[in-house]
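Keep in mind it's a predicted model, so treat the numbers as computed, not measured.
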Amino acid sequence: MAEVRLVNVSKVYEGGNTAVKNVNIDIKDKEFVVLVGPSGCGKSTTLRMIAGLEEITSGDLYIDDKKVNEVSPKDRDIAMVFQNYALYPHMTVYENMAFGLKLRKFDKAEIKERVTEAAKVLGLEELLDRKPKALSGGQRQRVAVGRAIVRKPKVFLFDEPLSNLDAKLRVQMRTEISKLHKDLEATMIYVTHDQTEAMTMGDKIVIMKDGVINQIGTPMDLYNLPVNIFVAGFIGSPSMNFVEGQITTDNGLSFVSKLKGITIKLSGQYAEQLKAFAGKEVTIGVRPEDIYDAQTTEAIASSYKFTSKLEVVEPMGNEIFLYFKIDGVQLTARVPAKEQPAANSTRDLFIDTEKLHFFDNATGAAIYHK
C-alpha cells in the first residue's frame with residue numbers, strides 16, 4: 001500500500017473561487033482517513049485532486065514520496081468508488097468488475113482469479129451473472145467496491161459511497177467497508193458529510209469548512225478536545241449545546257449566562273485557563289450526555305441545577321433525548337431510559353460543571369475543555 005501526503009494544496013477555479021486552501025494532510029500506510037464537513041467545504045475536491053480528476057492550483061501531492069501533481073489518474077495506482085456506483089448497465093457483475101483489468105491487458109486466468117476472490121470477500125459469488133438493474137442499491141455498491149478491489153491499488157478513494165442507500169443499508173455497508181479495510185490492510189481515504197460515518201469508520205478524521213482544515217485527529221480527540229466551536233458543534237449527535245455569557249471574578253470565577261438566571265460557579269480547574277478572559281464574552285459548551293435528569297440520576301457535587309419545561313421527548317430505546325428551551329435558546333439532554341418523561345412536563349435537570357467547554361467569542365477557538 002502507500003503513504004499519501006498533501007503539502008499546502010490549494011484549488012482555485014476560474015473567476016477566483018477558492019475551493020480548497022493550503023491543505024496539509026499526512027496519510028500513513030494502511031490508515032483509514034475520513035474527510036468530513038458540510039456540503040461545499042472542499043472535501044470532494046480534495047479527494048478528486050488526489051485521484052488526478054482535478055488539477056492542483058498550488059502545492060504538492062505525494063504518493064510514496066513521489067510527487068504526482070502531473071501524473072495522469074491511470075498512472076497513480078489508485079482506485080475510486082463513486083457515489084453513483086458508475087456501473088455499466090449492459091455488463092454483468094463479473095464484466096463490470098473485470099473491465100478495468102481487461103483494459104490493462106491482464107490475462108483471462110488472472111482476471112478470473114481476482115474477480116472470484118473479490119466476489120467471495122464481498123458476498124457477490126451468486127450475483128456474477130446478473131446485470132446492475134437486477135441488483136439492490138447495496139449490491140450495486142458492493143460491485144463498485146469489488147471493481148476497485150480487483151485492481152489491488154496502492155490507495156482506495158471513496159466519494160460519499162453510501163449516500164444513496166437507506167439508513168439500514170448505510171449501517172451495514174459502513175461495517176463491511178471497515179472490515180474490508182482491516183482485511184486488505186489498505187490505505188483508504190473516504191469522503192462523507194455524515195459525522196456518524198466519520199466517527200465510526202476513521203482511524204483519523206479531517207474536518208473541513210470553507211475549503212480549510214479546522215482539525216485533524218482521532219474520533220475521540222475531536223469529540224473530547226474540539227479546537228473551535230465549529231468542530232464542537234459538528235461532531236456529536238445530538239450536537240453540543242452552546243450558551244453565550246461572560247466570565248466574572250466576583251466571589252470567585254463564574255460563568256454568567258446571557259440567559260435568564262444562570263450563573264455557574266466554576267471550580268478551581270478552570271482558573272488558569274479562564275482568568276485571562278475575566279470580563280470577556282465567551283461561549284460555554286456542554287454535551288447532551290452531561291445534562292442529567294434529576295429525577296432519574298443522582299446529582300453530583302459539581303452540578304448546576306435548573307428547572308425547565310420539556311418541549312419534545314424522543315425515546316431512542318436505551319436512552320431518551322429531551323429538548324427544552326431556556327430563555328428562548330434550544331438545548332438538548334441525553335438521559336438513560338429509566339422512565340419516560342411526558343412532553344410539556346416540567347423537569348429538574350442539572351449540568352456537570354466539571355465537563356464544560358469554553359470558547360472565545362471573538363475567534364471561536366477553544367479556551368478550555370475537560
Side-chain angles (χ1 to χ4, degrees), residues 4-6 9 20-28 30-47 50 157-163 170-171 174-175 177-178 181-182 187-243 269-270 273 282-291 319 321 331-334 352 354-361 363-370:
V4 178
R5 188 157 51 94
L6 291 83
V9 169
V20 175
K21 184 177 181 180
N22 294 331
V23 162
N24 290 277
I25 312 173
D26 287 326
I27 300 168
K28 298 177 182 177
K30 303 177 184 178
E31 196 168 35
F32 196 126
V33 173
V34 180
L35 310 183
V36 66
S39 296
C41 71
K43 56 189 183 295
S44 288
T45 301
T46 301
L47 193 77
I50 295 171
L157 307 179
F158 295 85
D159 189 8
E160 304 215 34
L162 309 185
S163 60
R170 280 202 303 272
V171 173
R174 77 179 187 227
T175 302
I177 292 173
S178 295
H181 171 247
K182 292 179 174 61
T187 303
M188 292 186 175
I189 307 172
Y190 187 103
V191 160
T192 182
H193 65 274
D194 186 332
Q195 58 95 13
T196 301
E197 280 183 30
M199 290 289 286
T200 55
M201 298 176 75
D203 301 322
K204 183 163 68 183
I205 300 175
V206 179
I207 298 188
M208 300 184 69
K209 180 188 179 188
D210 299 330
V212 176
I213 291 176
N214 275 233
Q215 188 171 356
I216 300 176
T218 66
M220 294 315 296
D221 281 346
L222 298 183
Y223 190 80
N224 294 320
L225 304 170
V227 298
N228 57 34
I229 288 179
F230 170 72
V231 174
F234 189 81
I235 294 294
S237 181
S239 61
M240 183 181 285
N241 298 288
F242 296 109
V243 177
Q269 68 175 353
Y270 297 108
Q273 285 82 0
V282 300
T283 294
I284 184 176
V286 57
R287 292 284 182 197
E289 61 267 27
D290 294 324
I291 301 178
E319 60 187 5
F321 298 163
L331 301 172
T332 308
R334 170 190 265 151
D352 184 350
E354 292 190 349
K355 294 183 178 178
L356 303 178
H357 300 251
F358 289 88
F359 303 91
D360 184 349
N361 275 15
T363 65
I367 306 167
Y368 181 90
H369 26 220
K370 178 66 173 176

Open item on the list: Checking Arg334 now: which residues fulfil salt bridge (Lys or Arg N to Asp or Glu O under 4.0 Å) with it, not counting sequence neighbours?
Closed with: Glu289, Glu319

TODO: Output the distance between atom CD1 (Ile50) and atom CD1 (Ile189), rounded to the nearest 0.5 Å.
DONE: 4.0 Å

TODO: Quick one: do Val34 and Glu197 satisfy side-chain contact (heavy atoms from CB on, under 4.5 Å)? Show the steps, please.
DONE: CA-CA 9 Å; Val34 180; Glu197 280 183 30; over 6 Å; no

- [ ] Determine the minimum heavy-atom distance between His181 and Glu31, stating which atoms define it.
- [x] NE2-C, 3.7 Å

Open item on the list: So does Gly236 get a backbone contact from the side chain of Gln195, meaning a donor-acceptor N/O pair under 3.5 Å?
Closed with: yes

Task: Gap separating the CZ atom of Phe158 from the CE atom of Met201, nearest 0.5 angstrom - done: 7.5 Å

TODO: Find the distance between CE (Met188) and CD1 (Ile177) and round it off to the nearest 0.5 Å.
DONE: 7.5 Å

Task: Minimal non-hydrogen separation, Ile207 against Val231, with atom names - done: CD1-CG1, 3.7 Å

TODO: Go through the steps for Val9 and Ile25 under the test side-chain contact (heavy atoms from CB on, under 4.5 Å), then give the verdict.
DONE: CA-CA 9 Å; Val9 169; Ile25 312 173; over 6 Å; no

Task: Set of side chain to side chain donor-acceptor pair (under 3.5 Å) partners for Thr283, sequence neighbours left out - done: Asn361

- [ ] Check Pro226 against Ala366 and note the closest heavy-atom contact, atom names and distance.
- [x] O-CB, 3.4 Å

- [ ] Check whether any side-chain heavy atom of Met240 sits under 4.5 Å from a side-chain heavy atom of Phe359, and report yes or no.
- [x] yes

Task: From CA spacing to verdict: side-chain contact (heavy atoms from CB on, under 4.5 Å), Thr187, Ile27 - done: CA-CA 8 Å; Thr187 303; Ile27 300 168; 3.9 Å; yes

Open item on the list: For the CD1 atom of Ile205 and the OG1 atom of Thr218, what is their distance to the nearest 0.5 Å?
Closed with: 7.5 Å

Task: Residues forming a side chain to side chain donor-acceptor pair (under 3.5 Å) with Ser237, sequence neighbours excluded - done: none

Pair up each side-chain donor or acceptor in residues 38-45 with any protein partner under 3.5 Å, not counting sequence neighbours, and list the distances.
| unit_1 | atom_1 | unit_2 | atom_2 | d |
| --- | --- | --- | --- | --- |
| Lys43 | NZ | Gly37 | O | 3.0 |
| Lys43 | NZ | Pro38 | O | 3.2 |
| Ser44 | OG | Asp159 | OD1 | 2.9 |

Open item on the list: For Phe242 versus Ala232, what's the shortest heavy-atom pair and its separation?
Closed with: CZ-CB, 3.9 Å

Open item on the list: Quick check: do Val206 and Val33 have side-chain heavy atoms less than 4.5 Å from each other?
Closed with: yes

Open item on the list: Less than 6.0 angstrom from the centroid, inside 45 degrees of the normal: does Arg287 satisfy that with respect to the ring of Tyr223?
Closed with: yes

Open item on the list: I need the Lys28 NZ to Asp203 CG distance, nearest 0.5 Å.
Closed with: 10.0 Å

TODO: Identify the two heavy atoms, one from Ile213 and one from Asn24, that lie closest to each other, and give their separation to 0.1 Å.
DONE: CD1-O, 3.7 Å

Task: Note, Val23 side chain near Met208 side chain (heavy atom, < 4.5 Å) - done: yes

Open item on the list: Students often mix this up, so state it plainly: with edges at 30° and 60°, are the rings of Phe32 and Tyr190 parallel, tilted or perpendicular?
Closed with: tilted

Task: Exam field: side chain Asn241 to backbone Thr332, donor-acceptor pair closer than 3.5 Å - done: yes

Task: Taking every non-hydrogen atom, the tightest pair across Asp290 and Val286 - done: CB-CG2, 3.8 Å

Open item on the list: Does anything in residues 206-215 form a side chain to side chain donor-acceptor pair (under 3.5 Å)? List the pairs, not counting sequence neighbours.
Closed with: Asn214-Asn228

TODO: Give a yes or no answer on whether the side chain of His357 reaches the backbone of Leu225 with a donor-acceptor pair at less than 3.5 Å.
DONE: no

Open item on the list: Are there over 12 heavy-atom neighbours, none belonging to Lys204, within less than 6.0 Å of that residue's NZ?
Closed with: yes

Open item on the list: Working to the nearest 0.5 angstrom, can you tell me the gap between Asp26 CG and Ile216 CD1?
Closed with: 8.0 Å

Task: Which residues share a side chain to side chain donor-acceptor pair (under 3.5 Å) with Ser239, sequence neighbours left out - done: none

